Asker: 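Just passing along the structure, written as structure tokens.
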Amino acid sequence: MSDEATHRTPVVLAAGIGAYVLAVIAGMYFLDVSALQIPLWTAHAVVLALLIRRLGARESSAYAALFAVLASASAVYVLGLARDDLTLQRRGEKVTATVVKEWRDPAEGRKGRDSHYTLRREDGTRVPGPAMTTTSDRYDVGETLTVIEDPEAKLAPETPGQANATAEILGAAALTLAALGAVGRMAWRGARNGKEKPMSAPDPEARAAQEEQLREALRTYPADRRGYIKLHPEDYPALTHRRAARIAWETGLRTEAAGNRGSWRFKETVVEEVPLD
């Protein structure tokens, strides 16, 4: 395969995975079946992790998939909030109403307490639908305000400001971009890992000498303030990161896969461990 085709393949694969993420977000939004949410998101996480592994960043695929799934699920939730606002704008009617009853959720630790209001029109009839809800104690009994009511009585009335879905749409777009960004980052890491693969086998004597040098460094080098022994990979050109992880494991240490910034970091416990060679 030519170099151009080799470089094109991760891009095409990443684009396909991104399209899959978008399709799942759209599908879950239109499905809107609460009983199926957890098993479907779990299956999506497994499939996404397997797809991301094909990008070459195997040691981080599970974390990237989890992040993308959480961002996607949050986007679907926010889109659900926007859907109610958009529906109310489309079929709702503006009326002038008066607050006739007000109550708040019971106190539960530090959880926020929503306020609920029963409204009546000027002709004395009750505004249809569930009680209007706000996240703060915004209105008082006897206060008059303009609200959008749902003629089908399925959605709670909202003020014109509450029914504005712009913030939710922008938030969902940002979460969707975050999910796609995780895929893009894994494609970049996979491409970088591919470039770092040695083109030819190192000299056996040089490799053996550097392995012994690494063992000595792991025994004698002091740890930094976070407890890591930090070494520079350029001092061990004959060793891969995974081979270094195997040697560290033999000495009782684990090798950090995340946040290395050009160094190898070793510790008894790590956040994300490099797979052993």
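All of these numbers come straight from a predicted model, not from anything done at the bench.
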Asker: Quick check: closest heavy atoms across A82 and I169, and the distance to 0.1 Å?
Answerer: CB-CG1, 4.2 Å
Asker: With a 4.0 Å cut-off on N to O distance, would you call R265 and E272 a salt bridge?
Answerer: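 Here R265 does not pair with E272 in a salt bridge, since their nearest N and O are not under 4.0 Å apart.
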Asker: Where do A68 and A182 come nearest, in terms of heavy atoms and distance?
Answerer: CB-CB, 4.4 Å
Asker: Does any non-hydrogen side-chain atom of V69 lie less than 4.5 Å from one of V24?
Answerer: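 The answer is no; the side chains never approach within 4.5 Å.
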Asker: When rounded to the nearest 0.5 angstrom, what distance separates CG in L239 from CH2 in W264?
Answerer: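 Answer for the CG-CH2 pair, L239 versus W264, is 5.5 Å.
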Asker: Do R91 and K154 come close enough that some side-chain heavy atom pair is under 4.5 Å?
Answerer: yes
Asker: Determine whether L31 and L40 satisfy the following criterion, side-chain contact (heavy atoms from CB on, under 4.5 Å), listing intermediate values before the conclusion.
Answerer: CA-CA 11 Å; L31 181 62; L40 287 177; 3.4 Å; yes
Asker: Would you kindly confirm whether F30 and L22 end up in one hydrophobic cluster when ILVMFWY residues are joined by side chain heavy atoms under 4.5 Å apart?
Answerer: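 Yes, because F30 and L22 connect within a single hydrophobic cluster, where side-chain heavy atoms sit under 4.5 Å apart.
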Asker: Pairs in or reaching into residues 114-131: which pass salt bridge (charged side-chain N to carboxylate O under 4.0 Å, His left out), with residues at least two apart or in two chains?
Answerer: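 For residues 114-131, and leaving out neighbouring residues, the salt bridge (charged side-chain N to carboxylate O under 4.0 Å, His left out) pairs sorted by first residue read R121-E149.
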Asker: Could you state the interatomic distance from NE2 (H116) to NZ (K101), rounded to the nearest 0.5 Å?
Answerer: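 Rounded to the nearest 0.5 Å, the NE2-NZ separation comes out at 11.0 Å.
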Asker: Could you check T134 against T159 for side-chain contact (heavy atoms from CB on, under 4.5 Å), going step by step and ending with a plain yes or no?
Answerer: CA-CA 10 Å; T134 62; T159 64; over 6 Å; no
Asker: Is it the case that over 12 heavy atoms from other parts of the model lie below 6.0 angstrom from the CD atom of E268?
Answerer: no
Asker: Applying side-chain hydrogen bond (donor to acceptor under 3.5 Å, both in side chains) as the test, list every pair that has at least one member in residues 16-26; sequence neighbours left out.
Answerer: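 Non-adjacent pairs meeting side-chain hydrogen bond (donor to acceptor under 3.5 Å, both in side chains): Y20-H44.
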Asker: Looking at every heavy atom in both F266 and A248, which two are closest together, and how far apart are they?
Answerer: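 Of all heavy-atom pairs spanning F266 and A248, the closest is CD2-CB, 3.5 Å.
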Asker: Between L13 and M186, is there a shared hydrophobic cluster once you connect ILVMFWY residues whose side-chain heavy atoms come closer than 4.5 Å?
Answerer: yes
Asker: Got a second to check how far Q162's CD is from T133's OG1, nearest 0.5 Å?
Answerer: 8.5 Å
Asker: Is the shortest side-chain heavy-atom distance between V99 and M132 below 4.5 Å?
Answerer: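 They are not in side-chain contact.
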Asker: So, does K94 use its side chain to make a donor-acceptor pair with the main chain of P160 at under 3.5 Å?
Answerer: no
Asker: Using side-chain heavy atoms (C-beta onward) and a distance below 4.5 Å, is N260 in contact with H241?
Answerer: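 Yes; the side chains approach each other to less than 4.5 Å.
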Asker: Testing the basics here: between P275 and A245, what is the closest heavy-atom pair and its distance to 0.1 Å?
Answerer: O-CB, 4.3 Å
Asker: Got V147 and V95 here, is their nearest side-chain heavy-atom distance under 4.5 Å?
Answerer: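 Yes, close enough: below the 4.5 Å cut-off.
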Asker: Out of E205, Q210, E211, which residue meets the side chain to side chain donor-acceptor pair (under 3.5 Å) rule with R207?
Answerer: E211
Asker: Who clusters with L50? Use side-chain heavy atoms, under 4.5 angstrom, across I, L, V, M, F, W and Y, and order the result by chain and number.
Answerer: V46
Asker: Please give the remaining members of the hydrophobic cluster of W103, linking ILVMFWY side chains under 4.5 Å, ordered by chain and number.
Answerer: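 Same cluster as W103: nobody, lone residue.
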Asker: Consider only side-chain heavy atoms of I, L, V, M, F, W and Y, link residues closer than 4.5 Å, and tell whether I25 and L180 are in one cluster.
Answerer: yes
Asker: Output the distance between atom CG (L214) and atom CZ (R243), rounded to the nearest 0.5 Å.
Answerer: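 Spacing of CG (L214) from CZ (R243) equals 9.5 Å.
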Asker: Ignoring hydrogens and geometry, is there a side-chain-to-backbone donor-acceptor pair from Y139 to Y117 under 3.5 Å?
Answerer: no
Asker: Who clusters with I148? Use side-chain heavy atoms, under 4.5 angstrom, across I, L, V, M, F, W and Y, and order the result by chain and number.
Answerer: L88, L155
Asker: Are W41 and V76 close enough, and set up right, to give a side-chain contact (heavy atoms from CB on, under 4.5 Å), and what steps lead you there?
Answerer: CA-CA 11 Å; W41 282 120; V76 171; 3.8 Å; yes
Asker: What are the two closest heavy atoms between A131 and A156, and how far apart are they?
Answerer: O-CB, 3.5 Å
Asker: Is R254 close to W249 at the side-chain level, that is, under 4.5 Å between some pair of heavy atoms?
Answerer: yes
Asker: To the nearest 0.5 Å, tell me how far F67 CZ sits from L48 CG.
Answerer: 12.0 Å
Asker: Flag the pair R138 / L145 as yes when at least one side-chain heavy-atom distance between them is below 4.5 Å, and no otherwise.
Answerer: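 Answer no - side chains too far apart.
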Asker: Please write out which residues are connected to L81 in a hydrophobic cluster, directly or through intermediates, given that two of Ile, Leu, Val, Met, Phe, Trp, Tyr count as joined at side-chain heavy-atom separations below 4.5 angstrom.
Answerer: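 Besides L81, the cluster holds Y77, V78, L175.
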Asker: Measure across K267 and G227 and return the closest heavy-atom pair with its distance rounded to 0.1 Å.
Answerer: CG-O, 3.4 Å
Asker: Taking NZ, NE, NH1 and NH2 as the nitrogens, is one of them in E250 or R246 under 4.0 Å from a carboxylate oxygen of the other?
Answerer: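 No, E250 and R246 are not salt-bridged.
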Asker: Does R83 reach the main-chain N or O of Y29 with its side chain, forming a donor-acceptor pair under 3.5 Å?
Answerer: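 Side chain of R83 to backbone of Y29, a donor-acceptor pair under 3.5 Å: yes, one is there.
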Asker: Would you call L231 and Y236 a side-chain contact if the rule is heavy atoms closer than 4.5 Å?
Answerer: yes
Asker: Does one hydrophobic cluster hold both V47 and V183, with members joined at side-chain heavy-atom distances below 4.5 Å?
Answerer: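 Looking at the clustering, V183 is in the same group as V47.
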Asker: To the nearest 0.5 Å, what is the distance between OG1 on T255 and CG on L218?
Answerer: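 It is 8.0 Å, given to the nearest 0.5 Å.
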Asker: Under 4.5 Å between side-chain heavy atoms, counting indirect links through other Ile/Leu/Val/Met/Phe/Trp/Tyr residues: same cluster for L119 and V100 or not?
Answerer: no
Asker: With no hydrogens and no angle check, is any side-chain donor or acceptor of E256 less than 3.5 Å from a backbone partner on V271?
Answerer: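 Indeed, once roles are kept as given, a pair shorter than 3.5 Å links the two residues.
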Asker: May I have the step-by-step check of side-chain contact (heavy atoms from CB on, under 4.5 Å) for R219 and T251, ending in yes or no?
Answerer: CA-CA 8 Å; R219 287 194 298 265; T251 64; 5.5 Å; no
